[in-house]
Amino acid sequence: MAYNLCSSPSLFQDVPSVSFSSSSSSSRKFKFRNMSSSSFQPFPCHSFTSQSRTLLHAPHVSLQEPISEELPAEGKSPSYYKSSRIWVNPRSPRAKQLERKSYDARYTCLVNVAKSLDSCNPSQEDVSLVLKILGDRVLEQDAVTVINNMSNSLVAPFVLNYFQRRIRSTREAILYNVTLKVFRKSRDFDAMEKLFDEMIQRGIKPDNVTFSTIISCARVCSLPHMAVEWFEKMASFGCEPDEVTYSVMIDAYGRAGNIDMALHLYDRARTEKWRLDTVTFSTLIKMYGLAGNYDGCLNVYQEMKVLGVKPNMVIYNTLLDAMGRAKRPWQAKSIYTEMMNNGLSPNWATYASLLRAYGRGRCGEDALFVYKEMRGKGMEMSTHLYNTLLAMCADLGLADEAFEIFEDMKSSATCLCDSWTYSSLITINSCSGDVSEAERMLNEMIESGFEPTIFVLTSLVQCYGKAGRTDDVVKTFDQLLDLGISPDDRFCGCLLNVMTQTPKEELLKLKYCVDKANPKLGSVVRYLVEGLEEGDGEFRKEASELFDSIPEEVKKPFCNSLIDLCVNLDLLDMACQLLDLGLTREIYTDIQTKSQTQWSLHLKSLSLGASLTALHAWINDLSQVLEAGEELPPVLGINTGHGKHRYSDKGLASVVESHLNELNAPFHEAPDKAGWFLTTQVAAKFWLESRDLVTA
DNA sequence: CTAGGGTTAG
């Protein structure tokens with residue numbers, strides 16, 4: 001028997017017809033996936049140009065027309081062979097290539113049908129008109145390919161109906177499943193549920209594919225509870241979840257915030273010896289990353305390798321992204337190195353993750369090296385990738401590089417600037433205190449048709465605050481409200497930070513903003529700014545309520561700024577109360593540590609005011625130890641960290657050092673340990689006792 | 001691309 005893969009050679013200039021001798025046993029292997037050799041009916045595709053109009057108005061052309069009903073007898077050419085008939089050994093690469101080309105051509109035809117359907121009216125008549133071209137005998141496989149390539153969820157049900165009337169299938173769920181996929185593409189969960197009901201009513205049994213499609217649709221529609229609901233429904237339809245369903249559900253549970261359940265499923269999948277593949281692992285890594293469990297990400301990665309699953313690009317990119325979130329640039333680097341050693345070359349997602357990791361991890365040199373490498377490789381740029389570069393520059397304060405990248409972006413024909421682009425540029429200029437350049441960018445943003453976002457306005461508040469332009473801070477605040485944006489915690493934190501840099505006589509203007517933005521914060525600030533007398537722990541109670549009401553990640557910056565404000569206003573008692581509150585609520589942790597040989601004070605994560613307050617508290621604690629007749633350890637140390645401090649232009653070290661000098665404290669900078677001030681038990685004891693004499 | 005699952009921002 002000869003398989004004739006291309007019945008009309010003239011249609012394929014470079015694809016000659018092929019026949020395979022039945023004597024070759026390998027011809028069995030030569031078939032298309034999901035299709036038995038005998039069921040394959042080749043057809044020419046000459047009428048299928050990319051123009052769907054041509055397609056529709058070519059009624060004399062049928063996909064099936066030139067097909068010979070009888071396959072040619074061995075060694076005899078069918079009548080429609082004209083020329084260029086070549087015998088090809090089915091084992092040869094040439095045969096594989098021909099198979100490929102023939103398949104591709106057929107596939108392209110069906111994709112074009114799908115495209116025409118997408119742009120036609122959602123009616124049975126119009127759908128029939130397009131589909132007539134497939135002839136009366138439609139192959140199930142072709143129907144699947146057509147629907148699978150559609151994206152119009154209004155037309156899809158008519159197409160399904162058309163095919164159902166022409167195809168007698170023993171596996172009717174398939175056409176339903178592939179139609180469900182179209183709904184998934186347009187995120188139409190309601191349509192999905194409706195079609196499922198129809199399936200049931202027609203007595204067609206849903207299978208795992210049905211459920212995993214519905215579940216993953218719920219996921220992309222941000223309806224994780226629906227995903228769970230449908231998963232739990234499976235059993236009542238006689239479906240046992242398999243590895244794909246587990247993989248989807250691990251993700252759905254993760255996104256629903258039910259990580260325990262996700263891990264439970266993973267355990268089950270593992271003990272039931274499902275073949276776990278990279279998709280499941282990347283899902284797990286992603287889930288741990290979003291939950292902030294970064295060691296969990298690395299554990300999954302290790303476990304995956306132990307189980308013999310080879311990491312692919314998606315795994316590496318997901319890991320890199322997680323390490324970026326974790327602010328662990330060094331781990332991102334070693335993962336990237338491993339990726340390269342495994343012979344994989346970075347794509348856009350790799351670069352985006354790396355840039356983010358190095359930007360957030362303050363690794364300027366590494367980040368710029370990535371940028372150079374991208375340029376050197378001629379990496380195809382996108383708006384998103386440009387924006388990632390600009391965000392990296394904003395993280396690292398690289399104004400010149402940002403300008404260069406921005407110019408490059410504007411000269412690109414395909415990558416349009418968007419509100420993210422301007423946002424990064426405004427942030428960069430705001431951080432470097434360039435008010436006029438920040439304003440110029442804001443204007444350009446507005447002229448380009450983008451409204452300022454809360455991120456832009458937050459940056460501007462910071463910018464004006466730094467420049468001492470309190471009225472413009474207030475103006476920016478009002479602009480935020482005018483745009484109907486409600487101030488978030490970051491914005492309030494920024495206002496609070498501006499207050500720590502504002503002279504006392506202007507603070508009332510900012511208090512107005514804080515009051516409006518967050519009344520709880522306003523009532524705490526009132527004690528400081530209005531010099532409110534506090535009786536009976538009122539202040540502490542208000543501050544406690546404030547910290548109860550804000551999310552974990554903003555507690556420390558709020559507390560730092562509030563303490564700074566106290567210190568600026570000489571309200572040391574309230575500063576101490578806030579520090580104590582911060583310690584008891586574990587907003588600050590491990591500030592004081594004790595070992596056999598050394599007691600230490602760690603100030604690195606504290607603002608300047610909070611550092612000085614913590615220093616005073618520590619000195620008081622040490623005095624009390626002596627008063628109680630107990631001993632100090634051999635060494636006492638203060639760790640300020642070195643380098644530039646987040647909250648100050650001056651390093652924290654120099655501020656603490658001059659304060660220690662003022663106090664005549666015997667701490668001295670350690671020559672071999674940067675950022676440490678040390679003293680001995682004897683010196684400390686002598687100083688503390690003489691100090692107590694003075695204050696007594 | 002081949003009836004189901006995974007990687008792009010404050």
_Atom-pair distance (CG on A/N317; P on B/dA9), nearest Å_ = 12 Å
_Can you measure A/L265 atom CG to B/dG5 atom C1' for me and round it to whole angstrom units?_
13 Å
*Which nucleotide sits closest to the side chain of A/A349: B/dA3, B/dG6, B/dT7?*
B/dT7
*What integer distance in Å separates A/Q141:CD from B/dA3:C1'?*
9 Å
*To the nearest Å, give me how far apart OH (A/Y316) and C1' (B/dT8) are.*
21 Å
*For nucleotides B/dG6 and B/dT2, find the distance between their P atoms and express it as a whole number of Å.*
13 Å
*Under 4.0 Å between a Lys/Arg side-chain N and an Asp/Glu carboxylate O for A/K115 and A/D118?*
no
*Quick one: do the A/D142 and A/T145 side chains pair a donor with an acceptor below 3.5 Å?*
no
*Within this structure, what is the CG-to-P distance between A/L110 and B/dA3, rounded to whole angstrom?*
12 Å
*asked:* So for A/T280 and B/dG6, does any side-chain atom that can act as donor or acceptor lie under 3.5 Å from a complementary atom in the base?
replied: no
*Taking only the side-chain heavy atoms of A/S212 (C-beta and beyond), determine which of B/dG6, B/dG4, B/dT8 contains the nearest atom.*
B/dG4
*asked:* Between A/Y316 and A/N342, is there a side-chain donor-acceptor contact under 3.5 Å, judged purely by atom types and distance?
replied: yes
*Establish, for the pair A/R165 and A/F163, whether the NZ or CZ atom is under 6.0 angstrom from the six-membered ring centre and no further than 45 degrees off its axis.*
no
*Contact class for A/V144 (heavy atom, under 4.0 Å): base, sugar-phosphate, or nothing?*
sugar-phosphate
*Residue A/T245, side-chain atoms from C-beta onward, closest of B/dG4, B/dT7, B/dA9*: B/dG4
*Looking across every strand, which nucleic acid part, if any, lies under 4.0 Å from A/D104 by heavy atom: base, sugar-phosphate, or nothing?*
base
*What's the closest nucleotide to the A/N148 side chain, out of B/dA9, B/dA3, B/dT7?*
B/dA3
*Does any donor atom in the side chain of A/R328 or A/Y294 lie under 3.5 Å from an acceptor atom in the other side chain?*
no
*asked:* Applying a 4.0 Å non-hydrogen cut-off, can you work out what A/R275 is touching in the nucleic acid: base, sugar-phosphate, or nothing?
replied: nothing
_Base B/dG4 paired with A/D242 side chain (donor-acceptor, <3.5 Å)_ = yes
_What I want to check is whether an N or O donor and acceptor connect the side chain of A/T213 with the base of B/dG4 at under 3.5 Å._
no
*If you look at every strand shown and take non-hydrogen atoms under 4.0 Å, does A/D488 touch a base, only sugar-phosphate, or nothing?*
nothing
*For the side chain of A/S247 and the base of B/dG4, is some donor closer than 3.5 Å to an acceptor across the two?*
no
_Would the base of B/dG5 count as contacting A/N208 through its side chain, where contact means a donor and an acceptor less than 3.5 Å apart?_
no
*For residues A/N177 and A/T210, is any side-chain donor paired with an opposing acceptor at under 3.5 Å?*
yes
*asked:* Rounded to whole Å, how long is the line connecting atom CE of A/M192 with atom P of B/dG4?
replied: 12 Å
_Using OP1 and OP2 only, check whether a side-chain N or O of A/R184 sits under 4.0 Å from B/dG5._
yes
*Between A/R356 and A/T388, do the side chains contain an N or O donor and an N or O acceptor separated by less than 3.5 Å?*
no
*asked:* Any side-chain N or O of A/K286 below 4.0 angstrom from OP1/OP2 of B/dT8?
replied: yes
*Looking at B/dG4, does its base get a donor-acceptor pair with the side chain of A/D207 below 3.5 Å?*
no
*For A/V248, which contact category applies under a 4.0 Å heavy-atom criterion: base, sugar-phosphate, or nothing?*
sugar-phosphate
*To the nearest Å, give me how far apart CD1 (A/I214) and P (B/dG4) are.*
14 Å
*Considering only B/dG4, B/dT7, B/dG6, which nucleotide approaches the side chain of A/T318 most closely?*
B/dT7
*Please give, in whole Å, the distance from B/dT8 P to A/M313 CE?*
13 Å
*Identify which nucleotide among B/dA3, B/dG6, B/dA9 has an atom closest to any side-chain atom of A/T283, counting heavy atoms from C-beta outward.*
B/dG6
